Number of protein chains: 2
Amino acid sequence: MVDRRNAGFPVGGGARTASRGGTRTSGRSGGRPTLEEVAARAGVGRGTVSRVINGSPRVSEATRAAVEAAVAELGYVPNRAARSLAANRTDAIALVVPEPEARFFAEPYFSDIVRGVGAALADTDMQLLLTFAGSDRERRRLADYLAAGRVDGVLLVSVHADDPLPDLLEQLGIPAVISGRRSAADPLAAVDSDNTGGARAAVAHLLARGRRTIATITGRLDVYGAQCRLDGYRDALAESGAVVDERLVAPADFTEEGGSRAMRALLDRCPSLDAVFAASDVMAAGARQVLREAGRRIPDDVALVGFDDSAVARHMDPALTSVRQPIEEMGRRMAGLLLQEIADRSGPERPRIILPTELVVRDSS
Amino acid sequence: MVDRRNAGFPVGGGARTASRGGTRTSGRSGGRPTLEEVAARAGVGRGTVSRVINGSPRVSEATRAAVEAAVAELGYVPNRAARSLAANRTDAIALVVPEPEARFFAEPYFSDIVRGVGAALADTDMQLLLTFAGSDRERRRLADYLAAGRVDGVLLVSVHADDPLPDLLEQLGIPAVISGRRSAADPLAAVDSDNTGGARAAVAHLLARGRRTIATITGRLDVYGAQCRLDGYRDALAESGAVVDERLVAPADFTEEGGSRAMRALLDRCPSLDAVFAASDVMAAGARQVLREAGRRIPDDVALVGFDDSAVARHMDPALTSVRQPIEEMGRRMAGLLLQEIADRSGPERPRIILPTELVVRDSS
DNA sequence: ATCACGTATGGGAGCGCTCCCACCGTACCT
DNA sequence: AGGTACGGTGGGAGCGCTCCCATACGTGAT
């Protein structure tokens with residue numbers, strides 16, 4: 001339903017901008033060409049041009065060619081505002097980041113998502129709006145914004161368990177796709193990576209390397225993904241026949257500082273641990289620092305595995321073994337799902353996509 | 001077509017629910033309220049409501065109050081598309097980043113700019129579109145995009161000397177504000193930091209510390225800012241009555257590697273130097289490396305000062321004295337200038353704002 | 001030839017706003 | 001009193017599209 005692209009039109013040459021300060025009453029022919037002008041040029045009606053532009057099949061080949069020629073000659077580009085107004089849609093979707101701006105820029109996760117989404121939208125006429133909803137004030141604005149119908153759909157990432165946004169979206173009937181669900185039962189379409197499987201693979205790897213006392217540093221457990229990673233850790237241990245010692249589980253919050261704190265607690269409670277699975281690379285970095293200070297060598301004394309396979313992992317010394325999530329792909333899939341849902345807002349069918357993760361083994365384990 | 005990443009900053013209004021899937025032929029009252037409905041409710045004409053919404057002064061207090069009440073009761077929010085169409089504007093501006101996406105997310109410079117711009121736009125109805133123009137393909141798209149009049153104005157950052165974008169903008173007559181001009185003679189409104197003053201302060205500081213043989217490593221001199229920093233270096237020396245020994249000036253290119261090379265040349269030509277002012281932190285990092293290898297202690301043997309006050313500076317060992325630029329403030333001012341220029345595209349007046357820099361003294365000097 | 005049907009096409013009727021012009025009343029002049 | 005101004009107001013005329021209903025023109029069946 002989104003439209004097709006036309007070839008670029010020369011900028012330096014003919015393109016004159018809409019009369020800087022000219023009166024609206026001033027004659028035609030000044031500004032950008034309109035549908036009507038294309039129609040006249042092609043010798044057809046307005047409706048037909050519209051059909052061609054929007055890729056309707058009910059146009060004869062000859063007519064289509066004539067229109068396309070006229071479009072190219074005139075350098076016609078549809079007027080977004082007019083289209084939105086007439087069609088009652090905005091051709092824009094929002095990527096909602098329920099975090100303060102600072103974190104958005106700090107975490108590579110978001111930039112990968114943006115890249116993926118951007119790729120999926122690249123040859124679409126859809127605009128991507130980035131909205132931060134870190135503070136209460138921002139969230140209130142966002143709610144108004146959504147209610148005002150300023151976007152055709154919403155992409156939601158990194159949602160906390162107590163976040164009412166998904167419900168609001170559902171209630172407003174705005175198409176939405178979520179990544180990082182609050183639970184397995186979220187009402188929205190979702191794209192996730194296989195957190196459980198990734199964590200299981202990481203821990204299995206540690207076991208295979210002969211580690212016996214494997215601790216874990218978890219993310220905020222009100223984040224579904226963090227919970228899954230913890231489940232994966234438990235699963236792997238259970239599968240190996242080991243009993244999980246709860247003292248080996250240290251909750252943290254996905255920050256480096258939190259990782260350090262958790263590591264200190266772990267070292268305190270179980271000085272004999274010989275491996276740590278951190279639920280994020282950033283937390284692993286915090287843990288590494290503490291291990292260093294405690295004189296533990298990595299990986300000789302303690303093996304360390306992270307999650308995310310971010311730049312942090314590659315640049316750590318020693319390079320960090322980590323679970324890679326196909327984040328860019330997730331962004332792409334989210335956008336695809338959303339586009340589809342916008343085009344056809346039919347049933348209450350809520351697709352769930354789970355993308356596989358991959359363990360990237362490096363020097364730290 | 002062009003990728004438009006956008007940071008949207010929604011504006012508040014009363015929240016009202018959207019009607020999903022109502023036929024356009026279906027009766028009124030279903031969807032969001034329109035201007036007309038507000039007018040009816042307030043017992044005034046459409047024009048008057050429009051005037052109130054847009055803050056026109058030619059409305060009586062009583063009428064304004066009545067309209068505002070109606071707006072609140074109905075939860076009216078103007079329809080963006082309709083407004084754009086009628087007013088022939090888009091209420092969107094683009095922040096053009098002539099870099100690949102990756103660099104955008106990597107450099108704190110950009111996030112600070114975005115934060116500043118966002119702040120300035122926060123209680124405006126203006127949307128911020130982020131566009132990357134790293135590749136040739138992207139730039140061509142951008143040109144089409146701009147020519148198609150999809151934004152009311154453009155914010156341009158980090159422009160290279162041979163970049164034709166400013167000229168294109170000027171030619172298209174699109175309001176634009178640039179930061180990091182190509183030269184003092186750029187056609188556009190500009191916001192810059194006081195590169196000259198910052199450099200002068202850095203060198204004066206070195207002089208005050210008793211350093212006598214102060215060298216400098218410059219950035220690419222085809223970048224206006226780099227030239228300014230060199231001027232500042234010269235000024236400070238001249239003010240102190242010293243004669244600038246041209247052998248103490250080593251040109252580089254803003255890279256770490258370039259900084260190293262320049263430092264080597266400097267050491268070679270003037271082994272007796274006791275201080276170095278590098279025109280960027282990154283180059284200072286390169287210089288530091290070479291000084292280390294040459295057995296010079298910092299700051300005991302050679303004092304080192306950088307420029308940018310980036311993370312590099314804070315994390316260097318020893319922590320680098322550097323010149324801080326008020327980047328967020330620059331973003332804010334850029335947005336302000338652009339808004340102003342869009343509102344009143346009158347004269348060819350091109351304001352230039354130069355923001356003060358600040359020397360942050362740390363251990364390296 | 002006549003009818004029925006399907007396909008391609010033209011163009012009217014808006015979408016919800018801004019602009020602008022005509023108009024009203026009142027205040028202030030002569 | 002009549003004239004002139006001007007602040008305040010209502011509403012027509014679009015902005016450039018999409019929708020959808022007519023219409024025109026096939027085609028094959030009757």
Side-chain angles (χ1 to χ4, degrees), chain A residues 1-3 18-19 21-28 30-40 42-67 71 74 76-91 125 148-150, chain B residues 19 22-40 42-67 71 74 76-91 125 148-150:
Chain A
M1 205 12 66
V2 189
D3 79 334
S19 49
T23 2
R24 71 179 331 181
T25 45
S26 76
R28 294 254 40 83
R32 262 175 301 290
T34 69
L35 238 209
E36 194 99 43
E37 285 163 18
V38 174
V44 301
R46 229 170 50 251
T48 302
V49 177
S50 176
R51 255 162 259 148
V52 172
I53 298 291
N54 293 291
S56 157
R58 1 194 76 247
V59 181
S60 73
E61 256 333 299
T63 311
R64 179 184 309 279
V67 170
V71 164
L74 262 30
Y76 171 76
V77 180
N79 178 315
R80 231 164 195 267
R83 173 179 285 184
S84 285
L85 181 59
N88 191 34
R89 52 183 156 101
T90 64
D91 286 327
D125 206 10
R150 302 264 255 227
Chain B
S19 77
T23 355
R24 71 179 331 180
T25 45
S26 76
R28 295 255 41 84
S29 84
R32 259 176 304 290
T34 69
L35 238 209
E36 195 98 43
E37 285 163 17
V38 174
V44 301
R46 230 171 48 252
T48 301
V49 177
S50 177
R51 255 162 258 145
V52 171
I53 297 292
N54 293 289
S56 157
R58 359 192 79 250
V59 181
S60 73
E61 255 333 299
T63 311
R64 178 183 310 278
V67 170
V71 164
L74 262 30
Y76 170 75
V77 180
N79 178 315
R80 234 178 180 211
R83 173 180 286 187
S84 285
L85 180 57
N88 190 35
R89 53 185 157 97
T90 64
D91 286 326
D125 208 8
R150 302 266 254 226

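Below, read A as the first sequence line, B as the second, and so on, with proteins coming before strands; counting in each chain starts at 1. Quick note: numbers below take in every heavy atom, side chains included, and nothing from hydrogens, waters or symmetry partners. Here the structure is a predicted model, which is why all the values come from computation and not from measurement.
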Rounded distance in Å - [atom1] ([X]) to [atom2] ([N]):
{"X": "Leu35(B)", "N": "dG10(D)", "atom1": "CG", "atom2": "P", "answer": "13 Å"}
{"X": "Leu85(B)", "N": "dT18(D)", "atom1": "CG", "atom2": "P", "answer": "12 Å"}
{"X": "Glu37(B)", "N": "dC15(C)", "atom1": "CD", "atom2": "P", "answer": "11 Å"}
{"X": "Asp91(A)", "N": "dC15(C)", "atom1": "CG", "atom2": "P", "answer": "19 Å"}
{"X": "Ile53(B)", "N": "dT9(D)", "atom1": "CD1", "atom2": "C1'", "answer": "16 Å"}
{"X": "Asp125(A)", "N": "dT18(D)", "atom1": "CG", "atom2": "P", "answer": "11 Å"}
{"X": "Arg64(B)", "N": "dG8(D)", "atom1": "CZ", "atom2": "P", "answer": "9 Å"}
{"X": "Glu36(B)", "N": "dG10(D)", "atom1": "CD", "atom2": "P", "answer": "12 Å"}

Phosphate oxygens OP1/OP2 of [N]: is one of them under 4.0 Å from a side-chain N or O of [X]?
{"X": "Ser50(B)", "N": "dC17(C)", "result": "no"}
{"X": "Ser60(B)", "N": "dT9(D)", "result": "yes"}
{"X": "Arg46(B)", "N": "dG11(D)", "result": "no"}
{"X": "Asn88(A)", "N": "dT18(D)", "result": "no"}
{"X": "Thr48(A)", "N": "dG10(C)", "result": "yes"}

Subject >> Base of dG10(D) paired with side chain of Arg51(B) (donor-acceptor, under 3.5 Å) >> reply: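 Answer is yes: a donor-acceptor pair is held.
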Any donor and acceptor pair, going by atom type alone, linking the side chain of [X] with main-chain N or O of [Y] inside 3.5 Å?
{"X": "Ser84(B)", "Y": "Ala81(A)", "answer": "no"}
{"X": "Arg80(B)", "Y": "Thr90(B)", "answer": "no"}
{"X": "Arg32(A)", "Y": "Ala148(B)", "answer": "yes"}

**OP:** Map Ala82(B) and Gly47(B) onto DNA chain D by nearest heavy atom, then report which one ends up closer to the 5' terminus.
**Re:**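 The residue closer to the strand's 5' end, by nearest nucleotide, is Gly47(B).
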**OP:** Map Gly43(B) and Asn79(A) onto DNA chain D by nearest heavy atom, then report which one ends up closer to the 5' terminus.
**Re:** Gly43(B)
Subject >> Nucleotide of dG16(C), dT18(C), dG7(D) approaching Arg58(B) most closely (side-chain heavy atoms) >> reply: dG7(D)
Original post:
Which of these nucleotides, dC19(C), dC17(D), dG10(D), is closest to any side-chain atom of Ala87(B)?
Top reply: dC19(C)
**OP:** Taking the side chain as every heavy atom from C-beta outward, state whether Pro78(B) and Leu35(B) have any atom pair closer than 4.5 Å.
**Re:**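 No, too far: nothing below the 4.5 Å cut-off.
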**OP:** Could you pick out which residue, Arg89(B) or Thr63(A), lies toward the 5' side of DNA chain C when each is mapped onto its nearest nucleotide?
**Re:**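 Result of the comparison: Thr63(A).
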**OP:** Indicate, with a heavy-atom threshold strictly under 4.0 Å, whether Ser84(B) touches base, sugar-phosphate, or nothing.
**Re:**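 Contact class for Ser84(B): none.
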Original post:
Between atom OG1 of Thr48(A) and atom CZ of Arg58(A), what is the distance when rounded to the nearest 0.5 Å?
Top reply: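 Between atom OG1 of Thr48(A) and atom CZ of Arg58(A) there are 12.0 Å.
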